[in-house]
Amino acid sequence: SISLQTNKISIKQLSKSKMSQYYDKQSDCGRNAILPLETVTRILSFFEFHEMIQCRRVSTHWKTAVSKIQTIHLDLRDDATCYASVNAVTTFFDNLANISIANKNDVNPFWMQNILSKHSNVEYIRIDGDYFDADVLVRSLHDNHAANLKSLELEHVKFDDFLGLNQLLRIKAPSLNVLRLIDIRFHLIFDGPDPNECVSLSTTIGKMQNLEVLVLDDCDIQYFDAVALFSGMARLRKLEICNPDEITLVMIARCCPRLEELTLRYCFDITPDDVIQVVKCCPIRDLTLEDFQGRSWRGFTKKRIFDASSALINLSTR
């Protein structure tokens, strides 16, 4: 086993002279390295992005190890470094599988297209956009980039209109296992989807029969068509929704036999009995209830929920 010291090592200390104890010859470093390439890659994958780039200077062996890294977190909010960072992603890495990007609202949207064009086999995409223009993401995925995409997380991004978001989800509906939509906005309307758009979105998401994780935050679930949304969710294991109503919980109880984690926010229009029906029908282990109030919740105790479920382990209320 390999033990790593908890104290951080300065990247500057990792010079070629310092590494000479590990390599007989620089040209032969791959053969004489103490640590296998896969191990070096694994260790470097925990570094910050800029540290990964600096580590390429240590040796040819480390340069190759960096190119094999599968996961990066890219921060494009700094004007001074964002262009160099995008260039590094498209030049120094062979084929990333997991890409997380923190954007700002005026970043060049076509950089996303360049990144996906290079790393076409990416499986996990997360974008925290500060209302980044995500329409170029739709075009990129239309070009058959990210054909193996399994997880899509969009937070604080904007589209020209609702059709862009709906189109994006339709393209990737068959392959997605994880979908997180958090605080999605549209041009000219600083708001989430309206009721009619939510109904259409319900049908699109409902066709994702391989979905295991669904998070719809800051989207009023009451506007969704609960029947269309949950009818195909037999594989769903984790669900987070806002402002549920009785019909929503009835459909969850009927259609989600594998649901293990459930978070309900703004529980103004449901009762403890509605929640009890869900935990009776689904093997929920972790349940979170936030912002619940009203007459039906007076005298509410956690014991009622635990007594109704044989699987429940954790119940959080806020």
Side-chain angles (χ1 to χ4, degrees), residues 1-78 81-103 111-128 137 140-141 144-153 172 175-178 180 212-213:
S1 61
I2 300 171
S3 64
L4 300 177
Q5 294 182 353
T6 55
N7 294 333
K8 287 189 175 181
I9 302 174
S10 172
I11 297 300
K12 294 181 180 179
Q13 293 175 350
L14 298 176
S15 61
K16 289 182 179 179
S17 61
K18 291 287 184 181
M19 292 303 298
S20 61
Q21 57 183 309
Y22 299 115
Y23 306 109
D24 291 339
K25 293 181 179 180
Q26 182 66 23
S27 59
D28 247 359
C29 60
R31 178 170 58 84
N32 296 309
I34 290 178
L35 295 179
L37 182 65
E38 294 80 6
T39 303
V40 179
T41 298
R42 175 64 175 168
I43 294 172
L44 296 181
S45 67
F46 291 98
F47 284 34
E48 296 293 334
F49 180 76
H50 70 278
E51 293 175 331
M52 294 177 183
I53 303 306
Q54 290 176 324
C55 283
R56 298 178 72 256
R57 304 174 184 175
V58 173
S59 67
T60 302
H61 190 61
W62 280 43
K63 183 177 180 180
T64 303
V66 169
S67 71
K68 303 300 181 183
I69 288 174
Q70 293 286 292
T71 301
I72 63 164
H73 176 74
L74 190 62
D75 193 334
L76 300 181
R77 292 173 294 185
D78 186 349
T81 61
C82 59
Y83 178 78
S85 295
V86 172
N87 184 62
V89 171
T90 57
T91 305
F92 299 146
F93 298 86
D94 288 346
N95 207 348
L96 292 167
N98 190 330
I99 301 176
S100 176
I101 301 178
N103 278 323
W111 286 347
M112 173 59 65
Q113 192 167 11
N114 294 338
I115 292 172
L116 290 180
S117 177
K118 165 66 177 181
H119 303 287
S120 58
N121 291 323
V122 63
E123 296 181 356
Y124 305 91
I125 295 176
R126 181 182 185 277
I127 301 177
D128 187 349
L137 180 62
S140 298
L141 295 178
N144 204 32
H145 298 149
N148 300 318
L149 190 65
K150 297 178 180 178
S151 176
L152 179 63
E153 302 182 32
K172 295 303 170 186
S175 64
L176 282 180
N177 300 131
V178 177
R180 288 186 170 93
E212 297 182 5
V213 176

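Position 1 is the first residue of the sequence; numbering continues from there. All values below come from the heavy atoms of this structure, side chains included, with hydrogens, waters and symmetry mates left out.
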Any chance you could measure L37, atom CG, to S67, atom OG, to the nearest 0.5 Å?
-> 7.5 Å
Point-to-point distance, once rounded to the nearest 0.5 Å, from OG of S85 to CH2 of W111 | 9.0 Å
What are the two closest heavy atoms between S45 and M52, and how far apart are they?
-> O-CE, 3.6 Å
Tightest non-hydrogen contact, residues S151 and Y124, listed as CB-CD2, 3.2 Å
Quick one: CZ on R180 to CD on E153, what's the gap to the nearest 0.5 Å?
-> 4.5 Å
Quick one: does Q70's side chain get under 4.5 Å of N98's, heavy atoms only?
-> no
So does Y83 have more than 12 non-hydrogen atoms from other groups sitting under 6.0 Å from OH?
-> no
Kindly indicate whether the side chain of D94, heavy atoms from C-beta on, has any atom under 4.5 Å from the side chain of K68.
-> yes
Without swapping roles, check the side chain of S117 against the backbone of N114 for a donor-acceptor pair under 3.5 Å.
-> no
Would you name the heavy atoms of T71 and I69 that are closest together and state the gap between them?
-> O-CG2, 3.3 Å
Decide if atom CZ of R42 counts as having more than 12 heavy atoms of other residues, nucleotides or ligands within a radius under 6.0 Å.
-> no
Rounded to the nearest 0.5 Å, what separation is found between the NE2 atom of H119 and the CD1 atom of I72?
-> 6.5 Å
Shortest non-hydrogen contact from V122 toward A97 = CG2-O, 3.3 Å
Search all heavy atoms of A88 against all heavy atoms of F49 and return the closest pair with its distance.
-> CB-CZ, 3.9 Å
Measure the shortest side-chain to side-chain distance between N177 and V213 over non-hydrogen atoms and say whether it is less than 4.5 angstrom.
-> no
Drop me the distance from I53's CD1 to L44's CG, to the nearest 0.5 angstrom.
-> 10.5 Å
Closest non-hydrogen atom pair, L35 against H61 = O-NE2, 3.2 Å
Within the distance-only criterion (no hydrogens, no angle test), does the side chain of S175 pair as donor or acceptor with the backbone N or O of L149 below 3.5 angstrom?
-> yes
Could you state the interatomic distance from CG (D75) to NE2 (H50), rounded to the nearest 0.5 Å?
-> 11.0 Å
Side chain to side chain contact (heavy atoms under 4.5 Å, CB included) partner of F93, the single match among T91, L96, N95 | L96
Would you mind telling me which of D128, L74, V86, V89 makes a side chain to side chain contact (heavy atoms under 4.5 Å, CB included) with I101?
-> L74
